[in-house]
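Remarks on the structure that follows.
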Amino acid sequence: MIPRKNMGRVSPLLLILLALGFFFATYNLVTLIIHNRATTSSSISISTSGSSSNGGGSKWFDPVKESNLVKSGDRKFHVALTATDAPYSKWQCRIMYYWYKKMKERDGSEMGGFTRVLHSGKPDNLMEEIPTFVVDPLPEGLDRGYIVLNRPWAFVQWLEKATIEEEYILMAEPDHVFANPLPNLARGDLPAAFPFFYIKPAEHEEVIRKYYPEDLGPVTNVDPIGNSPVIIKKSILEKIAPTWMNISLRMKDDPETDKAFGWVLEMYGYAVASALHGVRHILRKDFMLQPPWDLEVGKKFIIHYTYGCDYNMKGELTYGKIGEWRFDKRSYLRGPPPKNLSLPPPGVPESVVRLVKMVNEATANIPGWETE
């Protein structure tokens with residue numbers, strides 16, 4: 001159990017001044033990089049088959065051959081996710097923590113400690129069940145209804161105030177379920193991240209250039225990622241997090257950027273902040289799968305159930321239309337799903353069946369499930 005530090009409430013005025021401070025710090029950082037940066041590292045893409053490239057075909061990375069360079073010392077990573085005290089967030093965190101505990105003990109896992117970074121500003125009724133660190137939310141109105149903007153601010157506070165024993169951190173989310181034991185996918189100072197098909201910096205170059213000037217290099221230096229899932233050295237994240245917070249706030253404050261990036265704005269914020277610090281990521285497609293689009297779990301590590309799964313009784317996907325059978329986390333905004341959800345009809349992909357079975361196992365074994 002990670003107890004809450006005695007932080008106190010921070011005044012909205014102080015937080016706004018802090019945000020302005022981050023703005024000027026980021027400006028100075030960009031100026032420094034423009035004048036002094038000589039080299040830029042390359043992101044590396046690793047397929048599930050083991051072959052890999054950086055997207056440009058100029059460099060190949062063999063994770064087996066390179067592994068002897070990065071596996072010395074303690075490779076354990078701390079699992080951290082940001083959350084609110086809303087019922088919708090709570091039940092997802094409970095399932096996520098259940099599967100963390102199971103997978104942590106299996107062969108191949110390099111998971112260390114766990115923290116739910118609760119950015120509601122006060123303790124809730126899961127403090128004894130899940131290791132939790134309470135931080136303050138952004139001042140009222142600063143997130144403009146986009147609650148995810150609290151994520152970088154939560155990480156800034158947690159990194160500054162908490163005692164974190166591990167050298168590496170996995171940034172995760174409540175709607176993640178560990179499907180296989182997760183090793184440390186980072187390679188030394190190179191973080192590992194999942195490439196999202198809908199994060200496309202090159203297609204938004206005009207917008208990206210507002211935050212990542214041409215002097216710093218091609219827009220392809222901005223990786224097609226969000227902050228989660230990412231395994232990264234704590235020392236590197238401590239540098240990126242304030243910039244990530246400031247860039248995200250600036251993006252939300254700019255109508256053109258807000259319209260272009262929409263609900264994934266904060267993901268672009270992390271990608272740009274990383275690029276500003278010269279940090280590139282190993283892109284691991286096997287890091288995560290997203291039903292119903294990914295059909296099999298296989299050796300992938302995390303199931304991300306952000307999309308609704310709707311099917312007719314023939315096992316045919318009816319995405320965009322409520323199915324005769326469905327599992328959608330948004331059906332349970334006000335409270336947890338019931339125990340023993342019905343399994344999908346025959347013909348539904350294995351990834352969806354596996355997800356529902358894992359949810360059912362967790363709800364059957366978590367004490368007091370339906371009372372939360």
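What you see is a predicted model; the values in this text were computed from it and never measured.
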statement: For Arg106, the side-chain hydrogen bond (donor to acceptor under 3.5 Å, both in side chains) test, sequence neighbours excluded, returns none
Quick check on the 6.0 Å ring-centre criterion: do [X] and [Y] meet it?
{"X": "Phe178", "Y": "Trp99", "value": "no"}
{"X": "His119", "Y": "Trp158", "value": "no"}
{"X": "His281", "Y": "Phe194", "value": "no"}
{"X": "Tyr97", "Y": "Phe114", "value": "yes"}
{"X": "Trp263", "Y": "Tyr198", "value": "yes"}

query: Hey, is Asp310 close enough to Lys321 for a salt bridge, meaning N to O under 4.0 Å?
result: no
message: Salt bridge check, Lys122 against Asp85: does any charged N sit closer than 4.0 Å to a carboxylate O?
response: yes
field: NZ or CZ of Arg250 within 45° of Tyr211 ring axis and under 6.0 Å
entry: no
field: Between CG on residue Asn184 and CE on residue Met111, distance to nearest 0.5 Å
entry: 11.5 Å
- request: Could you grab the distance from atom CG of Asn227 to atom CE of Met267, nearest 0.5 Å is fine?
  value: 8.0 Å
message: Please check if the number of heavy atoms outside Glu296 that lie under 6.0 Å from its CD is greater than 12.
response: no
- prompt: Which of parallel (below 30°), tilted (30 to 60°) and perpendicular (above 60°) describes Trp293 and Tyr319?
  reply: perpendicular
